[in-house]
Structure formats: structure tokens, C-alpha cells
Visitor: 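Once you've had a glance at the structure underneath, I'll fire off some questions.
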Amino acid sequence: MASTSPPRAFAPDANFRRGLEIRADQLVVEFEDAIALAGVSVAFPPGGRTLVLGNAASGKTTLLKALAGLVAPTSGRVLWDDREAGSLS
């Protein structure tokens with residue numbers, strides 16, 4: 001039986017920060033038959049906790065999907081630490 005070494009602990013480098021700022025500027029998301037988001041601007045500071053609250057079908061899930069890059073905005077932009085999220089690989 002081969003021995004395995006224990007997993008290495010995460011050791012952040014000097015550039016590591018806890019979290020990143022995520023921001024949407026004038027975000028618009030349209031689907032075939034509806035506008036899901038219309039000119040939404042919001043910023044989530046690094047390391048913070050945020051509650052997204054709203055009525056049913058008000059765009060909460062669409063906003064989070066757009067911020068995560070799962071839904072492409074019709075216009076506006078999503079920034080992660082001041083870099084366009086669409087340009088990150």
C-alpha cells in the first residue's frame with residue numbers, strides 16, 4: 001500500500017486578498033419577450049455579505065447570473081476588481 005502525504009495547507013502569496021469587488025454598471029439583460037434587468041448599477045465590496053431581496057420575477061437570479069458570467073448582458077458591464085468580467089479567462 002502506497003503512503004500518501006497529507007494535503008498542503010493553502011498559503012496565500014503577498015498579492016492575495018480576501019475577496020474581490022464585483023460591480024455592475026448600467027446592466028441591461030433582455031430575453032426574447034421581456035426585459036429582465038433595466039439599467040441596474042450595484043457594487044458588492046470585497047469580503048462583505050450581501051442580501052439580494054425582491055419580489056418574484058424581479059430579476060434577482062438574472063442579476064446574479066449576469067455577475068457570474070452565466071448570462072450575457074445586452075448592454076452595460078460587469079467588473080471584477082475594475083476588470084471587465086468578459087475579458088477574464
Side-chain angles (χ1 to χ4, degrees):
M1 182 177 201
S3 66
T4 59
S5 56
R8 291 180 41 188
F10 175 71
D13 64 15
N15 296 321
F16 180 78
R17 286 192 327 196
R18 293 193 60 88
L20 54 93
E21 180 187 42
I22 300 174
R23 192 170 75 230
D25 289 332
Q26 295 300 310
L27 199 61
V28 176
V29 176
E30 297 178 357
F31 295 113
E32 290 180 16
D33 57 347
I35 298 174
L37 300 174
V40 173
S41 294
V42 63
F44 301 99
R49 295 181 187 177
T50 302
L51 172 69
V52 179
L53 184 66
N55 294 329
S58 63
K60 300 176 300 292
T61 300
T62 302
L63 172 63
L64 296 175
K65 286 182 176 182
L67 293 172
L70 301 174
V71 171
T74 306
S75 66
R77 59 191 191 149
V78 174
L79 302 168
W80 294 1
D81 278 344
D82 294 322
R83 295 186 300 177
E84 291 277 348
S87 69
L88 302 174
S89 58

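For this chain, numbers begin at 1 and follow the sequence in order.
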Visitor: State, to 0.1 Å, how close A66 and V78 come at their nearest heavy-atom pair, and which atoms those are.
Guide: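 Heavy atoms only, the tightest pair is O-CG2, 3.7 Å.
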Visitor: Strictly by salt bridge (Lys or Arg N to Asp or Glu O under 4.0 Å), give each pair with a member in residues 50-77 just once, sequence neighbours left out.
Guide: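 Salt bridge (Lys or Arg N to Asp or Glu O under 4.0 Å) check on residues 50-77 returns D25-R77, R77-E84.
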Visitor: Identify whether I35 and L63 are in the same connected component of the hydrophobic contact network (ILVMFWY, side-chain heavy atoms under 4.5 Å).
Guide: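 No, I35 and L63 fall in different hydrophobic clusters.
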Visitor: Any side-chain to backbone donor/acceptor pair from T50 onto F44? Under 3.5 Å, distance only.
Guide: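 No.
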Visitor: Can you tell me if W80 uses its side chain to pair, donor with acceptor, with the backbone of L67 under 3.5 Å?
Guide: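 Confirmed, W80 side chain pairs with L67 backbone.
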Visitor: Quick one: closest heavy-atom pair of P46 and G19, and the distance?
Guide: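 Nearest heavy atoms, P46 then G19: CB-C, 3.9 Å.
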Visitor: List the residues meeting side-chain hydrogen bond (donor to acceptor under 3.5 Å, both in side chains) with S41, not counting sequence neighbours, and say none if there are none.
Guide: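 Per chain and number, S41 pairs via side-chain hydrogen bond (donor to acceptor under 3.5 Å, both in side chains) with Q26.
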Visitor: Can you find a pair of side-chain heavy atoms, one from T61 and one from L64, that are under 4.5 Å apart?
Guide: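 The answer is no; the side chains never approach within 4.5 Å.
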Visitor: Look at the side-chain heavy atoms of Ile, Leu, Val, Met, Phe, Trp and Tyr, link any pair under 4.5 Å apart, and say whether L27 and F31 land in one connected group.
Guide: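 In one cluster: yes.
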Visitor: Just do the side-chain contact (heavy atoms from CB on, under 4.5 Å) check on L37 and V28 with the steps written out, would you?
Guide: CA-CA 5 Å; L37 300 174; V28 176; 5.8 Å; no
Visitor: Are any non-hydrogen side-chain atoms of L20 and D81 less than 4.5 angstrom apart?
Guide: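 Side chain of L20 against side chain of D81, heavy atoms only: contact under 4.5 Å found.
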Visitor: If you group Ile, Leu, Val, Met, Phe, Trp and Tyr by side-chain heavy-atom gaps below 4.5 Å, do V42 and V71 land in one group?
Guide: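 Looking at the clustering, V71 is in the same group as V42.
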Visitor: For D82, give me all partners under salt bridge (charged side-chain N to carboxylate O under 4.0 Å, His left out), at least two apart in sequence or on another chain.
Guide: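 Counting only residues at least two positions away or on another chain, D82 forms a salt bridge (charged side-chain N to carboxylate O under 4.0 Å, His left out) with R23.
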